[in-house]
Amino acid sequence: MHTFAEHWPVYVSMPFIAALIGYVTKRVAIEMMFRPLEFVGIRPFLGWQGVLPANAERMATTATDMLTTNLVDPREIFARLDPEQVAKEIEQPLLRVVEDVTREVMETYQPRLWEMLPSGAQQLLLKRVQAEAPRAITKIMREISQNIEDVLDLKHMVVTNLVRDKALLNRLIRDISRPEMRFIARSGIWFGFILGCVQLLVWALTKSPIVLPLFGLGIGWLTDWLALKMIFLPREPKRFFGFYNWQGVFQKRRDEVAADYGDMIAREIITVPNLLEAVLRGPKSDRLFSMITREVQKTIDAQASVVKPFVAIAVGTKRFQEMKQAAAAKAAERVPDTIRHAETYAINALDVRNTIVDRMRRLSPLEFEQLLRPAFRQDEWKLIAVGAVIGGLVGELQALLLLG
């Protein structure tokens with residue numbers, strides 16, 4: 001009793017310090033998941049990099065597997081594009097591209113011949129090629145939509161973007177899990193306070209110097225572990241103690257998570273510019289270039305009959321083939337800027353956001369859990385261990401205050 005009277009502020013503070021330990025260890029664990037983006041310290045062991053950034057490729061691959069397996073089918077979404085509507089959307093810039101490419105190629109390979117052609121012959125050639133261009137684009141778009149896997153590696157595109165932009169990967173996980181992160185931090189306060197009351201009772205009965213650091217370590221470890229479990233489990237609502245219902249926080253927010261995730265994916269990952277970049281410069285881009293080359297050359301052969309005899313005689317058959325190759329290459333270079341004129345139409349037609357939201361709401365609880373669970377599973381023990389160490393150190397400090 002004398003000891004309690006002498007150190008009553010420390011006794012009374014035990015539950016509150018335990019609550020603080022619970023909260024601080026959670027905040028530290030959360031920040032250690034995302035920060036820093038790059039390794040800070042001396043490699044390989046003396047330092048730290050956020051769990052997600054450190055495992056960016058694995059995390060991106062896991063997220064992409066879920067995305068491409070359960071949520072987005074490239075063939076389905078690209079089938080929504082109307083090739084004729086795409087051609088209509090880009091018609092005016094396409095006509096300018098055709099004229100520019102035709103003039104550039106002719107002026108590069110046979111400038112004198114082009115200058116010698118009557119103005120009427122020049123315009124006739126341009127108009128005939130321009131008239132055929134929309135049909136060529138329609139044909140290319142139809143072939144792409146029917147064989148999208150031949151020109152687009154969606155998994156490669158998503159993984160590449162997420163690995164290259166670790167901040168984007170962080171946002172993808174953090175933005176859809178903000179309520180879960182708040183729950184983890186706040187749960188530490190309540191769990192810590194309850195365990196702190198037990199700690200106070202045990203200390204009062206034993207006066208053992210090992211009690212405080214041991215409880216501090218236990219509070220840091222147990223509250224971290226329990227909070228992580230309560231985010232995902234149980235997957236379905238379950239009654240505890242006969243009157244209290246509980247369902248994993250993340251599982252309970254399925255509709256909200258689906259909306260947030262769909263928004264994020266459609267706004268920052270599966271975007272029209274990203275898709276265009278992947279098609280034009282991804283690992284399968286050579287196949288698209290082959291399509292464009294084939295159609296441009298067919299168009300030139302079909303529509304250049306007015307001047308083809310003159311050109312072929314003047315430059316030779318081999319040189320004429322080179323001209324067609326150059327025309328195809330220049331056309332491919334101009335495709336990105338031209339196609340961007342159809343971006344608004346493509347965004348609405350592909351409807352990536354609503355597709356993802358609808359599919360997510362139909363996932364099983366276990367499949368839905370995999371959206372977020374891998375972010376915690378890897379190196380989870382490290383986060384819990386850090387919480388335990390912090391709690392142990394604070395408990396040791398309490399013991400020194402009481403015994404000193």
Side-chain angles (χ1 to χ4, degrees), residues 26 29-34 50-73 154-155 158-159 162-163 166 168-188 191 221-240 244-266 268-270 352-384 387:
K26 303 303 164 295
I30 291 169
E31 293 307 313
M32 287 179 67
M33 283 186 60
F34 301 103
V51 172
L52 261 67
N55 298 279
E57 186 168 356
R58 183 188 57 78
M59 283 299 307
T61 301
T62 301
T64 305
D65 285 341
M66 163 63 74
L67 191 64
T68 56
T69 302
N70 296 314
L71 303 180
V72 175
D73 180 353
L154 183 63
K155 182 173 181 178
V158 177
V159 171
L162 290 176
V163 172
K166 295 183 179 68
L168 175 59
L169 177 62
N170 272 357
R171 289 201 306 278
L172 178 63
I173 301 300
R174 196 159 198 165
D175 283 4
I176 67 169
S177 63
R178 287 192 185 279
E180 285 68 38
M181 299 303 173
R182 285 195 297 268
F183 170 80
I184 289 175
R186 291 171 182 173
S187 67
F191 294 153
W221 178 84
L222 183 61
T223 56
D224 277 11
W225 177 84
L226 190 58
L228 289 173
K229 291 300 179 184
M230 291 180 69
I231 287 177
F232 302 105
L233 300 175
R235 297 186 180 102
E236 301 287 355
K238 187 174 181 180
R239 184 176 293 272
F240 292 87
Y244 184 70
N245 286 324
W246 181 260
Q247 181 183 15
V249 178
F250 190 63
Q251 296 286 356
K252 192 185 297 185
R253 292 197 314 115
R254 175 184 289 257
D255 287 350
E256 183 183 343
V257 171
D260 291 344
Y261 194 77
D263 284 338
M264 183 91 176
I265 295 295
E268 299 204 49
I269 298 176
I270 305 183
V352 172
R353 188 261 183 198
N354 290 328
T355 298
I356 291 175
V357 171
D358 179 62
R359 296 284 168 77
M360 282 183 66
R361 288 173 175 164
R362 287 188 271 159
L363 293 175
S364 70
L366 183 58
E367 289 172 332
F368 182 73
E369 179 181 310
Q370 296 311 305
L371 285 172
L372 188 60
R373 188 71 182 97
F376 291 92
R377 185 176 290 118
Q378 182 73 12
D379 292 336
E380 182 178 288
W381 67 271
K382 293 181 183 178
L383 303 177
I384 294 175

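Note that these values count all heavy atoms, side chains included, but never hydrogens, waters or copies made by symmetry. Not measured: the values here are computed from a predicted model.
Between Tyr261 and Asp175, every side-chain heavy-atom pair lies at or beyond the 4.5 Å cut-off. Using a 4.5 Å heavy-atom threshold, the side chains of Arg174 and Met33 count as separate. Ile265 places none of its side-chain heavy atoms less than 4.5 Å from the side chain of Leu71. Looking at heavy atoms from C-beta onward, Lys155 lies in side-chain contact with Asp65 at the 4.5 angstrom threshold. Proximity of Ile184 to Ile231: side-chain heavy atoms (C-beta onward) are separated by under 4.5 Å at one or more points. Put simply, the side chain of Arg254 reaches to within 4.5 Å of the side chain of Leu363, judged on heavy atoms. No side-chain heavy atom of Lys252 sits less than 4.5 Å from a side-chain heavy atom of Pro237. Using a 4.5 Å heavy-atom cutoff, the side chains of Asn170 and Pro53 are in contact.
Met59 contributes atom CE, which lies 4.5 Å from atom CG of Leu52 (distance to the nearest 0.5 angstrom). Distance check: Ile173 CD1 to Glu180 CD gives 11.0 Å after rounding to the nearest 0.5 Å.
The minimum heavy-atom distance between Gly262 and Val357, with the atom names listed, is CA-CG2, 4.2 Å. Residues Leu169 and Ala56 come closest through the heavy atom pair CD2-CA, 3.6 Å. Across Ala259 and Arg353, no two heavy atoms sit closer than the pair CB-NH2, 3.7 Å. Considering every non-hydrogen atom in both Arg253 and Ile176, the closest pair reads NH2-O, 2.7 Å.
Applying the side-chain contact (heavy atoms from CB on, under 4.5 Å) criterion to Asp255, with sequence neighbours excluded, gives Arg361. Shown here are the side-chain contact (heavy atoms from CB on, under 4.5 Å) partners of Val72, two or more places apart in sequence or in another chain: Leu67, Ile77, Leu154, Ile270, Ile356. Every residue meeting the salt bridge (charged side-chain N to carboxylate O under 4.0 Å, His left out) condition with Arg235, not counting sequence neighbours, appears here in chain and number order: Glu369. For Arg239, the salt bridge (charged side-chain N to carboxylate O under 4.0 Å, His left out) criterion is met by no residue, not counting sequence neighbours. With sequence neighbours excluded, no residue satisfies ring pair (Phe, Tyr, Trp, His ring centres under 6.0 Å) with Phe34. Remark: Ser187 pairs with Phe183, Phe191, Ala227 by the side-chain contact (heavy atoms from CB on, under 4.5 Å) rule, at least two apart or across chains.
Ring orientation note: the planes of Phe250 and Phe232 are nearly perpendicular, at an angle over 60° on the 30°/60° scale.
Counted within 6.0 Å of CZ on Arg171, heavy atoms from surrounding residues, nucleotides or ligands total more than 12; the atom is thus considered enclosed. Other residues, nucleotides and ligands place more than 12 heavy atoms under 6.0 Å from the CD atom of Glu31.
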Under the side chain to side chain contact (heavy atoms under 4.5 Å, CB included) rule, what do Asp358 and Arg362 come out as? Steps first, then yes or no, please.
CA-CA 7 Å; Asp358 179 62; Arg362 287 188 271 159; 2.5 Å; yes
Q.
Run the side chain to side chain contact (heavy atoms under 4.5 Å, CB included) test on Trp246 and Lys238 for me, step by step, so that the C-alpha distance in whole Å, both residues' side-chain angles and the decisive distance to 0.1 Å come before the verdict.
A. CA-CA 5 Å; Trp246 181 260; Lys238 187 174 181 180; over 6 Å; no
